Amino acid sequence: MFNNRSYCGELGIEDNGKEVTVFGWVDRKRDLGGVVFLEIRDVTGIIQAVFDSSFSKENAEIADSTRSEFVVAVTGKVRERSPETINPNIPTGNIEIFASSIEILNKSLVPPFPIDIRENVNEEVRLKYRYLDLRREDMKEAILKRHKMMQLTREYLSSHRFIEIETPILNKSTPEGARDFLVPSRINKGEFYALPQSPQLFKQILMVSGFDRYFQIVKCFRDEDLRNDRQPEFTQIDMELSFITPKMIMEIIEGLIKKAVKELTGREIDYSFPVMDYDEAISKYGTDAPDTRVSIEIRDCSDIFVNSSFNVFSSSLSTGGVIKGIAVPDSGKLSRKMTDDYSDYVRKFGAKGFPMFKYNDGKLEGGISKFISEDEKLKLIERFDLKEPSVVFFSVDKEQIVNATLAHMRLKIARDLDLIDDNKLNFLWVTNFPLIEYHEEDRRFYAVHHPFTAPVADHIPLLDSLTPENAKKIKAQAYDIVLNGVEIGGGSIRIHDSSLQSKIFNILGISEEEARVKFSFLLDALQYGAPPHGGIALGLDRIMMLLLKRSSIREVMAFPKTQKGQCMMSEAPSPVTEEQLNELSIRIVKK
RNA sequence: GGGGUUUUAGCUCAGUUGGUUAGAGUACCUGCCUGUCACGCAGGGGGCCGCGGGUUCAAGUCCCGUAAACCCCGCCA
């Protein structure tokens, strides 16, 4: 009976007069007594079916007995609606099915929330009944477009000579980076697999194997706390290429992204993605993932206040702090309450306050203006290029805190003042990341990207005279791609020389023995004719979130987890039986 | 580990200064209705006010604790 099916949303005026059968869910029922209208919904859309009791009383009664979300088969003739009965609100609104039969294939309980998306439903309930939520238009669109994204990615990369190769999910736990999800091994008691944070090592191995260009749309796992753009399992479009430069990789990615934007949103990106130096990003925006939709830039004012009589400023400078600020164009929208709230809000970034003054017509007013000398005033006007009425905010602390504070506040204030153009898609490459950074607390170096990232060739000699101070001068051949202030991908050229790789491990405090235990296969492989290679990984979920303008990546994933990492539908994670634990030689320690 | 917001009918929400029997819209049930399209009209049922303590003559409302969801800091090479 399921042969010769028509899809609701695909019927059109060209089917006029044709006898069709549709299968779907009762989206809505309108019973007018003698005539019953059912809107039938399937994956493609909605069509109206008409049951006329003077034509078939029995069919009309069956139609009337249906309820929301019943599954039905409806057969009838497609017919054009008379002009006054056309519904312009749905794509199939100029036709309807004049039903000759209806069969109820399954009943449904009353759904816990409406399937049409006229009102927002609590996410907790949506996640519990995700199968119903996925019937809703927004989720359906997200899932279908995600499919499209994966399809066009496969097409694009395949046509650029990439080969899709799967890598293991059961992996070896490695030091560095995010916390691993561990999987106990029954056969090897007391030992564990780790789920991959990314297929990093395997894709490099594939380059040594000569596959030349690899890609995979792959799940990655990181056992870290969740955010609206972070889930414990997420999907990467992962790539690795041999005989390649950063520029070549960036061009390939740019092509892919532009194609994706075109096919998913219908929009054309008519600029080539700007490339910004890491140092410039930090100094202008305080972050390595700047949102350039907001033009407000950070300016360092430390030099202006060296001899300041304002104790808060001068004492901070004399203890190694910095003073930076942002100028926000504003003619009165920023209220006293808002600026007061801000000075409290910045505490979350470690800042102690958020001093400000107002600029208007050549004069400084309010806030800390009374502590600013005439000379400092002139320099500030020049530094921030003050012309329009503005409010200037400062952050005074250690550089890291200042950067974090101003990076967040320039966006928060821009949002509060409605200065962000929601329709912009600002792509940006950030390059020339430092290779390593020194952590004061642990007294050791960490890889900024990962331990396999190649330094800029000219900087390799600096590795021999490394100190915590000059570490940041050594740049990596690494690049991130940023969209509207969100990192949507990153990659690097890798080390293909085993002695350089050993040297880097050494610097990172990974002993020769440890390196041998953890990555011997990579070090070995690098000695058997490893080609120069590099790669990149794109965050599929984040790209979908941004292109579809959704508030979180959960809105573009079929079955996401809550912030505590639980699945509201299946109720994972869950306890396991004593037998299961015994088999794995695992004992739970109660705390 | 920490900060914030929220939690009242199936769903979305209101609930004043602590004071009668906790409301609205929608959904649901019943009936009427032959061109609706968020159909309409009439009637009806539906509440552990997240949970546990406390203050009070009296708590949805005040206090303490706790749970969950969400946002954020830390964390995420």
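All values reported here derive from a predicted model rather than from experimental measurement. Below, each value reflects all heavy atoms present in this structure, side chains not excepted, and no hydrogens, waters or symmetry copies. Residue numbers begin at 1 in each chain, while the letters A, B, ... track the order of the sequences.
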Check your understanding: Can the ring centroids of A:F98 and A:F55 be said to lie less than 6.0 angstrom from one another?
Key -> yes
Need one value for [X]: base, sugar-phosphate or nothing, where a base atom within 4.0 Å counts as base even if backbone is also close, heavy atoms only.
X      : answer
A:D223 : nothing
A:E119 : base
A:R554 : sugar-phosphate
A:D31  : base
A:P451 : base
A:R347 : nothing
A:Y446 : nothing
A:S53  : base
A:Q231 : nothing
A:S54  : base
A:Q48  : base
A:R136 : nothing
A:T562 : sugar-phosphate
A:R81  : base

Below 4.0 angstrom from OP1 or OP2 of [N], is there any side-chain N or O of [X]?
X      : N      : answer
A:K564 : B:rA69 : no
A:Q563 : B:rA68 : no
A:N122 : B:rC11 : no
A:R67  : B:rC29 : yes

With a 3.5 Å cut-off and heavy atoms only, can you find an N or O donor on one side and an acceptor on the other between the side chain of [X] and the base of [N]?
X      : N      : answer
A:E96  : B:rG35 : yes
A:R230 : B:rC76 : yes
A:R79  : B:rG35 : yes
A:N120 : B:rU12 : no
A:D52  : B:rG35 : no

**Study point:** Residue pairs fulfilling side chain to side chain donor-acceptor pair (under 3.5 Å) with at least one residue in residues 551-572 of chain A, sequence neighbours excluded
**Key:** A:E123-A:R554, A:R126-A:E555, A:E233-A:K561
Whole angstrom value for the distance that separates [atom2] of [N] from [atom1] of [X]:
X      : N      : atom1 : atom2 : result
A:D64  : B:rC33 : CG    : P     : 11 Å
A:R30  : B:rG40 : CZ    : C1'   : 12 Å
A:N94  : B:rC37 : CG    : P     : 18 Å
A:M568 : B:rC70 : CE    : P     : 8 Å

Check your understanding: Is the NZ or CZ atom of A:K475 both under 6.0 Å from the centre of the six-membered ring of A:F433 and within 45° of that ring's axis?
Key -> no
Exercise for review: For the residue pair A:F521 and A:F202, categorise the inter-ring angle as parallel (less than 30°), tilted (30 to 60°) or perpendicular (more than 60°).
Suggested key: tilted
Check your understanding: Taking atom types as modelled, is there a side-chain donor on A:E84 or A:S82 under 3.5 Å from an acceptor on the other?
Key -> yes
Check your understanding: Pairs in or reaching into residues 107-139 of chain A: which pass ring pair (Phe, Tyr, Trp, His ring centres under 6.0 Å), with residues at least two apart or in two chains?
Key -> none
Study note, to complete from the structure: Across every strand shown, the nucleotide meeting Watson-Crick or G-U wobble geometry with B:rA69 (both distances under 3.5 Å) is B:rU5
Check your understanding: For B:rU20, which nucleotide is its Watson-Crick or G-U wobble mate, given both distances must be under 3.5 Å?
Key -> none
Review point. Does the aromatic ring of A:F113 sit over the six-membered base ring of B:rC11, closer than 5.5 Å centre to centre and tilted less than 30°?
Key: no
Check your understanding: Between A:R41, A:R135, A:Q48, which is the residue that forms a side-chain hydrogen bond (donor to acceptor under 3.5 Å, both in side chains) with A:D27?
Key -> A:R41
